[in-house]
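Inspection log for the structure reproduced underneath, given as structure tokens.
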Amino acid sequence: MASRASSGSKAKRAAAPHEPNRSRPGDAQVMARPSDALDIEQKLQLYYYMRLTRALEERLVNLYRQTKVIGGLFRSLGQEADAVGSAFALDRSKGDFLSPLIRNLGSMLVQGARPLEIIRQYMAKADSPTRGRELNIHFGDLERGFIGQISHLGDMVPVMAGVTLSFKLRGESRVGLVYVGDGATSTGAFHEGINFAAVQKCPLVVVVENNGYAYSTPLSKQTAARELKDKALAYGIPGIRADGNDVLATYDVTKEAVDRARRGEGVTLIELMTYRRKGHAEHDNQSYVPEGEIERWLRENDPLDRYTAQLSATDGVHPDALRAIDERVQQEIDAATDLAEQSAMPEPTDALTGIYADPPVADPLWYRESGAAVTEHERPAGWGVYEKANG
Amino acid sequence: MASRASSGSKAKRAAAPHEPNRSRPGDAQVMARPSDALDIEQKLQLYYYMRLTRALEERLVNLYRQTKVIGGLFRSLGQEADAVGSAFALDRSKGDFLSPLIRNLGSMLVQGARPLEIIRQYMAKADSPTRGRELNIHFGDLERGFIGQISHLGDMVPVMAGVTLSFKLRGESRVGLVYVGDGATSTGAFHEGINFAAVQKCPLVVVVENNGYAYSTPLSKQTAARELKDKALAYGIPGIRADGNDVLATYDVTKEAVDRARRGEGVTLIELMTYRRKGHAEHDNQSYVPEGEIERWLRENDPLDRYTAQLSATDGVHPDALRAIDERVQQEIDAATDLAEQSAMPEPTDALTGIYADPPVADPLWYRESGAAVTEHERPAGWGVYEKANG
Amino acid sequence: MAEVTYLEAIREALFEEMERDPNVFVMGEDIGAYGGAFKVTEGLMEKFGERRVIDTPISEAGFVGAAAGAAHMGMRPVVEMQFIDFISCAYDMLTNYVATSRYRAFLPCPMVVRGPSGGYVRGGPFHSQNPEAAFLHTPGLKIVYPATASDAKGLLKSAIRDEDPVLYFEHKYLYRRIKEEMPAGDHVVPIGKARTARAGTDLSIITYAATVWKSLEAAEQLEKEHGISVEVIDLRSLLPMDDEAIYETVKKTNRVLIVHEDTRTGGVAGEITARINEHAFEWLDAPILRVTAADVPLPYSPPLEDYVLPQVPDIVAVARKLVAY
Amino acid sequence: MAEVTYLEAIREALFEEMERDPNVFVMGEDIGAYGGAFKVTEGLMEKFGERRVIDTPISEAGFVGAAAGAAHMGMRPVVEMQFIDFISCAYDMLTNYVATSRYRAFLPCPMVVRGPSGGYVRGGPFHSQNPEAAFLHTPGLKIVYPATASDAKGLLKSAIRDEDPVLYFEHKYLYRRIKEEMPAGDHVVPIGKARTARAGTDLSIITYAATVWKSLEAAEQLEKEHGISVEVIDLRSLLPMDDEAIYETVKKTNRVLIVHEDTRTGGVAGEITARINEHAFEWLDAPILRVTAADVPLPYSPPLEDYVLPQVPDIVAVARKLVAY
Ligand SMILES: Cc1ncc(C[n+]2csc(CCOP(=O)(O)OP(=O)(O)O)c2C)c(N)n1
Ligand SMILES: Cc1ncc(C[n+]2csc(CCOP(=O)(O)OP(=O)(O)O)c2C)c(N)n1
Ligand SMILES: [Mg+2]
Ligand SMILES: [Mg+2]
């Protein structure tokens, strides 16, 4: 798999700073691929989740422009395949578990997160999954098997090492998947977490999403390593690079790592080559990106375009079938938006609950007569707008 | 060099948990080695520093048994070659710089630290290099070009990345060398520091002293990596393994890395294979070590024995010449011990000075009439003895 | 029953909790075959096996994070710092991830981080630290710091059973210096409750950990030599703090001396002073004073360490000033 | 002269210090071509080049440690945290290595760590932190937290010139909300000196950073609506703290309210309260009270954030209570 995944049409484009690791149609024939076993329904599910990711983020952009989103907005445009394909390789019926990063909305949708939750969360509503406590897609659900990230990059790697350690200690046949960006591989937490998991042979898959940038920082300033998959050697685990914009390739490489983990063979590091077509967050104008780079990825390497073509060519899926999915997605999003807009903002005093199991409520500030102590004019002028400008 | 250094007589001993990476006499002939350029005086200097390291630590053991050493005592018995040979590869006339770890007394001696300083330091005397503030070999000197470690493992890697960054920023032709143990490679600080240095192409050499253990923890529980030199790949830098108990091999491999750094080619990671024949500190009874392992290293792979034999065989050095060095070493240590014993303990109030440049003295505790506020019976019963028992 | 040292009490708690609950497991450096740097976990590996007694790589952030992950899944990890000074390496993980997980994500994170703390043992600046003030400021964590062997046992059992993360600091100066008969049965000490270590009427000393013993020694001396009756309150828990016990003793003696081994500026004494000010200002007949370490890293040489740390004569001197006020 | 925002003032200080001293250089994530997440370092790279404006990997401990090493060798590094919340990742490096290096090793470590701090901006729990209390407890560090544009400039220049490590916290709520004409010439504000932001006689509010503005607004209201004359002390430096200025205002008004945006327990107010207790207890006509954030991670949704953080009506309410005491 490694060699198949890392053979790419490198020569095609000359001095592009961030090169895809593109799998070619022919690659599929080399050996049996896990995705060969996917039925058409599953293949359409992959399409659904990718489309849902993209359309949902587009809706969030609208809401953001209407200043209905509180805080920054993070996009995964052009990276939908890697999040969806990798998460799809988990087995939800077995209780597999994942921890997404900021570009992995798609993986959460696969794991069962719903658009309504996402929109409420971005709008900081009382009935959002974190009741307005945390931002954007920072939330989780033990039942459905995903765990909310915190902002501090790398920290979820040790945490998922521990989640999967518990699977091992209890003899459960469950697997965990943790995402990090190329930038996050530089953190001490990444290093300590993956090393710990490797020594313990935890059933963990580490997906490094190499999208070429960490905020404005290109990979060359992040590490001198030639490929991020090379980092696996430092931990004595297999490292594999694959085309992150080919949803089936992403599925394949992850599925094999998941199977390996489930067989008790430990950690795998997967580098998925993709590209961040939008800025770090909506406010970022990407002035640091070499001219033409974004356009080239859009033109030549859009994961939805590629998958659409593939479904038609290989599986004979008629465009109408996909259009039907697109419509369903839009309807879901419309319905979710309507509901989310109706949701109330949190009650101020809810801020004091749940810091401990016991006591369940924090000491109130004695000088606050009620939640109404905060008068309207106290809201910082231009919040929201402000955050957007500075993200 | 890499291949020469990593060819070893692996087959010789069967299931030894920690195998040396032994260079053979024949290896030297493969190509020109930097150590070929060492004259006999320099070769005897190497012997002197190794002997001085060993004899000085033996003296410290005596002082420790007399409870004259405050706190724990850390030995580098059997590891003298790696510290001495690597440090010897620096060019003191150019202002090269190093940061030792707890097993690298030898490297400090090469860099100019004197036995009197070491003994005073272990005895916590007023005129010790840290005036009684820090333990054992935790001290440095910017003039002579070494910097004192702190206990927190890994932290010196970022610090030396910064030291060598300053060399680069100023266009100085200086090189830095930082030591870490096999255990310290698991720390986030190691990872962040070496990655930063690699990206910046700092003139830094990272020596990983693989002595088989971190306290009681064998390498297999520290990392799943097969060789620690493999960690270099994660940072896109060369990684080389060499026989740490062959002082000339250690010199060679380090010298090449130092030259490389001085040429502006960046960081090298060197794994030196050695063995910790004593416990983590004097109190440690090494019950966790497989039977026979220590004895085998003593018998077959003592760095001083090997170097003695080598000096005689290759350079025709007469045993008398070495005995004369041994005697000089003893005299130096005797003289240093006498002086150190005469040194006073610090004045209590010195504890308040020098936390800031300004103000130069910390606020005194207002209720302390004088330094005499502490009466003798306030000393914890059995201190020293206590510390030894628990290190 | 035989007397048990502070260290043995900790070990007993670990044994009993691991027997009681199969979800409890321990992690840390050299805690398995070696039994830990101070031998606190000696015998655990033999009894419970490598699966539940995990030797870790040197990566405090790594295994604290792993503990959190396991805790989410229903395990009850107890993590050892070889010396508590190394908890600083897990500061981000503890304050940002562990402490907030219930609040921000409704994710329980029941885990314990424990380790040898404190000075008076010639450990120098990096083997003597008192880390409580660094974490007092973090809602979501609990902090205990026992002074007696029975509290060491009872509080560790409570910490392991707690639904939230608990930092359990054990004072290494006390490890083998104090012993006590253990209360029979399942001895549990509630988190958040102070203890009156000595009753008195003229002055209250509020303290915790090793300085409880210094304070008791001073109290004895003050009684005998100066006829001053001192009440000594051992806080035991720092987060949450037993406000009731604090206000009660203030109302009883009207004079307060806070003693802690940690450095002065930003230490726990400030918080206690603020609380008393807010809630019992009327009852104060004198300023609240503090005896603490001087504001420097703890030096290693005995005369320096002795000078920097609080000592019995300091407590006696300040107590006398307060009573004379 | 044109008015300059708080953010521009910081940038001016960086420019001027980099021009003045070739040893000054800056490091951080995305500070080069991009100019930093808040554009504080915009234009620096163009002016001073990649050699002196270094984009780092995401590794706060790494580049803080590197700054220390460079500082030992005579450089003057200024490190940016993209958000100050990430300083927690360098906690070990700052408290154990950087803070102690002069004391334990006679190694100067003149460096600055700066970054956007504080809330009121819907940043949620990890983009709103006030980290001062986590470091107040560390001898060897200095801490400043300016409230005005001119102090932002003058204190940063002092911090860069200081012989010791300085944590320089800048309040992101103030970045573009306040402006001021900069004093002409080489404008330097000494570390360790407070500022009287408003003179008054009935009550002292001791505060710093963004809550200086809340306090001033409250003071205005108290004056107008209740005839209460409030003195507002802007500490500016937290370590060292300007004790003289604190005791002076206490002696003048005899009533103290401490306001900080940070959470309550273990916050800076405790230390201030303890100092006043020790040195000016006699002068107090009322308990020292504090208005702070509630003890929870800062939530993100506006009603929650507003509820948790200190607001003008809170200050007014407590001030009135204090004056009526
Ligand atoms: C420890 C830490 N330092 C800094 C940041 C600020 N930050 C947020 S996202 C980001 C870039 C992340 O890049 P990468 O890991 O490649 O993920 P991507 O955004 O490309 O998906 C940075 C620097 C952070 N969140 N955590
Ligand atoms: C961050 C940190 N965690 C734990 C320790 C405690 N400790 C001191 S030495 C040591 C083992 C070091 O092993 P290694 O790095 O292999 O060096 P060696 O002693 O073998 O030379 C440990 C765990 C420490 N000093 N720092
Ligand atoms: Mg990226
Ligand atoms: Mg070792």
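So you know, we letter chains A, B, ... as the sequences are listed, proteins then strands, and number each from 1. As the structure is a prediction and not an experimental result, all values here were calculated from the model.
- Checked against salt bridge (charged side-chain N to carboxylate O under 4.0 Å, His left out), A:Asp363 has no partners two or more places apart in sequence or in another chain.
- At a 4.5 Å heavy-atom cutoff, the contact between A:Leu135 and chain D is made by backbone and side-chain atoms alike.
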Which is it for A:Trp366 and D:Val318 under the side chain to side chain contact (heavy atoms under 4.5 Å, CB included) test, yes or no, and what are the steps along the way?
CA-CA 10 Å; A:Trp366 62 269; D:Val318 178; 4.0 Å; yes
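- Residues satisfying the salt bridge (charged side-chain N to carboxylate O under 4.0 Å, His left out) test with D:Glu29, not counting sequence neighbours, are none.
- If you measure heavy-atom distances from D:Arg290 to chain A, the contacts under 4.5 Å come from the backbone alone.
- Of all the heavy atoms in D:Pro57 and A:Ser186, the pair that sits closest is CB-OG, 3.6 Å.
- In terms of non-hydrogen atom pairs under 4.5 Å with chain A, the most contact-rich of D:Cys89, D:Pro299, D:Pro116, D:Ala293 is D:Pro299.
- Residues A:Leu365 and D:Val308 come closest through the heavy atom pair CD1-O, 4.2 Å.
- The candidate with the highest count of non-hydrogen atom pairs below 4.5 Å against chain D, out of A:Ser216, A:Ala214, A:Pro364, A:Ser128, is A:Ser216.
- Using a 4.5 Å cut-off between heavy atoms, D:Gln82 contacts chain A through its side chain alone, with no backbone atom that close.
- Heavy-atom distances place the backbone of A:Gln121, and not its side chain, under 4.5 Å from chain D.
- The most heavy-atom pairs under 4.5 Å with chain A, out of D:Thr292, D:Leu298, D:Thr56, come from D:Thr292.
- Of all residues spanning residues 257-267 of chain D, those with a heavy atom less than 4.5 Å away from chain A's heavy atoms are D:Arg264, arranged by number.
- For D:Asp30 and A:Thr217, the side-chain atoms include at least one donor-acceptor pair closer than 3.5 Å.
- Both the backbone and the side chain of D:Ala294 come within contact range of chain A, with heavy atoms under 4.5 Å apart.
- Taking D:Phe25 as the reference, nothing meets the ring pair (Phe, Tyr, Trp, His ring centres under 6.0 Å) condition, with sequence neighbours excluded.
- Under the 4.5 Å side-chain criterion, counting only non-hydrogen atoms from C-beta, D:Tyr34 is in contact with A:Asp284.
- The distance from atom NZ of A:Lys221 to atom CD1 of D:Ile58, rounded to the nearest 0.5 Å, is 13.5 Å.
- Summarising the geometry of A:Ile355 relative to D:Pro297, their closest heavy-atom pair is CD1-CD, 3.4 Å, with the distance given to 0.1 Å.
- Chain A forms more heavy-atom pairs under 4.5 Å with one residue of D:Pro125, D:Gly62, D:Gly124 than with any other, namely D:Pro125.
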Would you check, one step at a time, whether the test side chain to side chain contact (heavy atoms under 4.5 Å, CB included) holds for A:His152 with D:Asp85?
CA-CA 8 Å; A:His152 293 67; D:Asp85 310 61; 4.2 Å; yes
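- Between A:Glu347 and D:Pro303 there is no side-chain heavy-atom pair separated by less than 4.5 Å.
- Looking at A:Ala184, only its backbone comes within 4.5 Å of chain D, counting heavy atoms on both sides.
- Around CZ of D:Arg320, the count of heavy atoms belonging to other residues, nucleotides or ligands within 6.0 Å does not exceed 12.
- Within a 6.0 Å radius of CD in D:Glu225, more than 12 heavy atoms belonging to other residues, nucleotides or ligands are found.
- For the pair A:Ala351 and D:Leu304, the tightest heavy-atom approach, listed with the atom from each and the gap, is N-CD2, 3.7 Å.
- The part of A:Ala362 that comes within reach of chain D is its side chain, from C-beta onward, which places non-hydrogen atoms under 4.5 angstrom from that chain.
- Smallest separation of non-hydrogen atoms from D:Val291 and A:Tyr367: CA-OH, 3.5 Å.
- A heavy-atom distance below 4.5 Å is not found between the side chains of A:Thr187 and D:Ser59.
- Within the cation-pi definition used here (under 6.0 Å to the ring centroid, within 45° of the axis), A:Arg133 does not qualify as a partner of D:Tyr300.
- Contacts between D:Leu289 and chain A at a heavy-atom distance below 4.5 Å involve the side chain alone, from C-beta outward.
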Does D:Ser301 form a side chain to side chain contact (heavy atoms under 4.5 Å, CB included) with A:Lys125? I'd like the steps, not just the answer.
CA-CA 7 Å; D:Ser301 190; A:Lys125 296 292 182 126; over 6 Å; no
Walk me through it: do D:Tyr307 and A:Asp350 pass the test side chain to side chain contact (heavy atoms under 4.5 Å, CB included)?
CA-CA 9 Å; D:Tyr307 185 73; A:Asp350 186 55; over 6 Å; no
